[in-house]
Amino acid sequence: MSQTTTITEGQTGLRTVTLNSGSVYTFNSNESTALEKIPIIDASRIWSEKLEDRQAVAEEIREASRNIGFFYLINHGIDQKYAGEVMDQAKRFFALPEERKMEVFTGRVPNEYVGYHPMECYNRNGWKYQDLSEAFNWAYDAAEDPEAVDKDQPSVSIWPSDLPGFREGLYAYHTQLLRLSRRLARIFALALHLPEEYFDEYVKRPEAGMRILHYPEQTHTVEEQNGIGAHTDVECFTIVTQDSAGGLEVLGKNRSWVKAEPIPGSFVVNIADCFMRQTNDFFVSTVHRVINKSGRERYSAPFFFGFDRNKLLKAVPTCVSEENPMKYPVMTGGEYYAWRTNRQKRTNTYNADAGKVES
Ligand SMILES: O=C(O)CCC(=O)C(=O)O
Ligand SMILES: [Fe+2]
């Protein structure tokens, strides 16, 4: 899930991005570079029996999370067949006629980000052309979670009719990523120098939405259009599966767009806004965007992992002190998610009854 921004071009050539949470970012140019490197972290140690191994990988994650807010995970142990199946299902879904996809239009589910977000329905940066992508989102479902505490809790997702195997294919991968994320929540606790089990209570009933995205090749310039405009994610962290087309870009410390080049079999993990708030800005929730200039279609599948909606979004003890007091007001995760979801969905220019409305 992402957030609306506006961009203005200053006389210096610098661009200013104002996120709708009020944060302002400046960048030098719309061109992306490979100058700054996104760290590559070997995840095999997160599953190690030895605490020293888990602590060692946690320290690497700590550094990446506070410096750039993005890292690759390699050797994560999840079989590639699950990602392959999700990419196949994405191609199948997005190839459906518009009216079939509109059966599950996101506008049908108030306050939740689930369902279909049509092609060019957002313009996150107020550029000349709408963002060139379409997406389908689905939510956590206790029935698909082997570790669920309450299996009967209903899920808010909506599903297209007559698409056998679609839901199953998506949840098979989702369940794998859920297990990885719960383990990562422990590693993040170590990374914050907290007891390893610190977040366990927060992830029993996590916020764990996922989406598939389709980006056609963009022919307009990078000054005129994005695939998905500059934004920050909402929850704690995001695990992105991308295909080989490339196009994901991260706003680096030097104020340039850094390419997150595809590394086969890897995940791109990024810190999101709830984790930034819970770490009192120790972890950085980094602005990112997608521009598909690869000459072919691009598909991706981000998994958004956050804490239980009923828990308080409050800075952890190792990130506050008398000299460094809490920066953000305390609210529940649910209140924060609803606020962000509604802000984003209000900018959707597709009206289910009237058809597509240009912004
Ligand atoms: O498609 C991607 O690689 C990333 C998409 C993204 O940033 C998002 O959906 O929040
Ligand atoms: Fe994102």
Side-chain angles (χ1 to χ4, degrees), residues 1-3 73 76 78-94 101 104-106 109 111-118 122 133-148 153-160 163 165-185 203 205-215 227-228 231-243 248 266-275 288 290 298-309 333 337 340-341 344-345:
M1 195 192 309
S2 43
Q3 127 184 88
L73 274 188
H76 45 69
I78 296 184
D79 194 318
Q80 278 302 294
K81 71 176 185 197
Y82 296 104
E85 172 68 12
V86 163
M87 293 300 188
D88 288 348
Q89 293 297 346
K91 285 174 196 157
R92 198 169 156 230
F93 174 78
F94 292 121
K101 293 187 274 192
V104 287
F105 179 51
T106 186
V109 191
N111 303 318
E112 302 287 348
Y113 209 65
V114 295
Y116 177 57
H117 302 256
Y122 298 111
S133 56
E134 57 183 333
F136 173 83
N137 284 58
W138 69 103
Y140 173 85
D141 186 343
E144 303 290 340
D145 176 5
E147 294 172 51
Q153 225 176 41
S155 172
V156 294
S157 306
I158 45 176
W159 295 98
L163 205 58
F166 179 65
R167 185 183 178 284
E168 293 73 13
L170 299 190
Y171 271 119
Y173 195 34
H174 185 280
T175 302
Q176 297 292 320
L177 291 170
L178 198 54
R179 189 171 77 98
L180 173 67
S181 298
R182 285 195 171 110
R183 175 52 68 122
L184 279 176
V203 301
R205 197 296 181 200
E207 190 72 13
M210 192 162 178
R211 78 191 316 201
I212 44 177
L213 283 143
H214 168 220
Y215 304 84
I228 186 169
H231 67 278
T232 54
D233 293 343
V234 174
E235 292 84 359
C236 285
F237 55 88
T238 306
I239 303 177
V240 180
T241 305
Q242 58 173 335
D243 68 9
L248 176 60
S266 74
F267 294 128
V268 178
V269 179
N270 66 277
I271 300 296
D273 290 353
C274 284
F275 236 0
H288 55 283
V290 175
R298 177 181 192 268
Y299 294 88
S300 67
F303 175 89
F304 305 99
F305 189 75
F307 292 152
D308 190 328
R309 290 180 179 207
Y337 301 142
R340 290 288 296 269
T341 298
Q344 178 62 29
K345 286 182 75 168

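What you see is a predicted model; the values in this text were computed from it and never measured. All residue numbers refer to positions in the sequence shown, counting from 1. Side chains are part of it too, since the values below use all heavy atoms of this structure and drop only hydrogens, waters and symmetry mates.
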By side-chain hydrogen bond (donor to acceptor under 3.5 Å, both in side chains), Ser133 pairs with (sequence neighbours left out) none
Rounded to the nearest 0.5 Å, what's the gap from OG1 on Thr232 to CD1 on Ile271? Could you check?
-> 12.5 Å
Residues in side-chain hydrogen bond (donor to acceptor under 3.5 Å, both in side chains) contact with Ser300, at least two apart in sequence or another chain = none
First locate atom CG of Leu213, then atom CD of Gln242, and finally report the distance between them rounded to the nearest 0.5 Å.
-> 11.5 Å
Heavy atoms only: give me the nearest Pro118-Phe105 pair and the separation to one decimal.
-> CD-CE1, 3.6 Å
Quick one: side-chain contact (heavy atoms from CB on, under 4.5 Å) partners of Glu85, sequence neighbours excluded?
-> Gln89
Would you sort out whether Thr241 and Tyr82 count as a side chain to side chain contact (heavy atoms under 4.5 Å, CB included), showing the intermediate values?
-> CA-CA 11 Å; Thr241 305; Tyr82 296 104; over 6 Å; no
Start with the C-alpha distance between Trp159 and Phe136, add both sets of side-chain angles, then the distance that settles ring pair (Phe, Tyr, Trp, His ring centres under 6.0 Å), and finish with yes or no.
-> CA-CA 10 Å; Trp159 295 98; Phe136 173 83; 5.5 Å; yes
Separation of Leu177 CG from Met210 CE (nearest 0.5 Å) = 5.0 Å
Are the side chains of Phe304 and Val234 in touch, meaning some heavy atoms are under 4.5 Å apart?
-> no
Could you grab the distance from atom CG of Asp273 to atom NE2 of His231, nearest 0.5 Å is fine?
-> 9.5 Å
Nearest heavy-atom pair of Asn270 and Asp233: which atoms, and what distance?
-> ND2-OD2, 3.1 Å
Residue pair Phe275 / Cys236: nearest heavy atoms and the distance that separates them | CB-O, 3.3 Å
Are the side chains of Val240 and Phe267 in touch, meaning some heavy atoms are under 4.5 Å apart?
-> no
Which heavy atom of Val203 sits nearest a heavy atom of Ala185, and at what distance?
-> CG1-CB, 4.1 Å
Salt bridge (Lys or Arg N to Asp or Glu O under 4.0 Å) partners of Glu168, counting only residues at least two apart | none
Residues Val114 and His117: closest non-hydrogen pair is O-NE2, 4.4 Å
Minimum-distance pair of heavy atoms, taken over all atoms of Val290 and Arg298 | CG1-NH1, 3.7 Å
Value for CG (Leu170) from CG (Asn137), rounded to nearest 0.5 Å, stands at 11.0 Å
Who pairs with Asp308 by salt bridge (Lys or Arg N to Asp or Glu O under 4.0 Å), at least two apart in sequence or on another chain?
-> none
Kindly indicate, with the supporting measurements, whether the criterion ring pair (Phe, Tyr, Trp, His ring centres under 6.0 Å) is fulfilled by Tyr337 and Tyr113.
-> CA-CA 10 Å; Tyr337 301 142; Tyr113 209 65; over 10 Å; no
Within a strict 4.5 Å, meaning less than it, do heavy atoms of the Ile78 and Arg179 side chains meet?
-> no
Qualifying residues under side-chain contact (heavy atoms from CB on, under 4.5 Å), relative to Ser181, sequence neighbours excluded | Phe237, Ile239, Phe303, Phe305
Tyr173: what forms a ring-ring contact (aromatic ring centres under 6.0 Å, His included) with it, not counting sequence neighbours?
-> none
Does Thr175 use its side chain to pair, donor to acceptor, with the backbone of Asp145 at less than 3.5 Å?
-> no
Lys91/Asp243 ion pair, N-O < 4.0 Å | no
Under the salt bridge (Lys or Arg N to Asp or Glu O under 4.0 Å) rule, collect the residues that match up with Arg309, sequence neighbours excluded.
-> Glu112, Glu207
Listed partners of Ala90 passing side-chain contact (heavy atoms from CB on, under 4.5 Å), at least two apart | Phe94, Ile212, Tyr299
Report the residues that fulfil side-chain contact (heavy atoms from CB on, under 4.5 Å) with Asp141, sequence neighbours left out, ordered by chain and then residue number.
-> Ala143, Glu144, Ser155, Arg167, Tyr171
Check for a donor-acceptor pair, side chain of Ser157 on one end and backbone N or O of Ala139 on the other, with a separation under 3.5 Å.
-> yes
Stepwise side chain to side chain contact (heavy atoms under 4.5 Å, CB included) check, Glu147 with Leu178 | CA-CA 10 Å; Glu147 294 172 51; Leu178 198 54; over 6 Å; no
side-chain hydrogen bond (donor to acceptor under 3.5 Å, both in side chains) filter on His214, not counting sequence neighbours, yields Glu134, Glu297
All side-chain hydrogen bond (donor to acceptor under 3.5 Å, both in side chains) counterparts of His174, not counting sequence neighbours | none
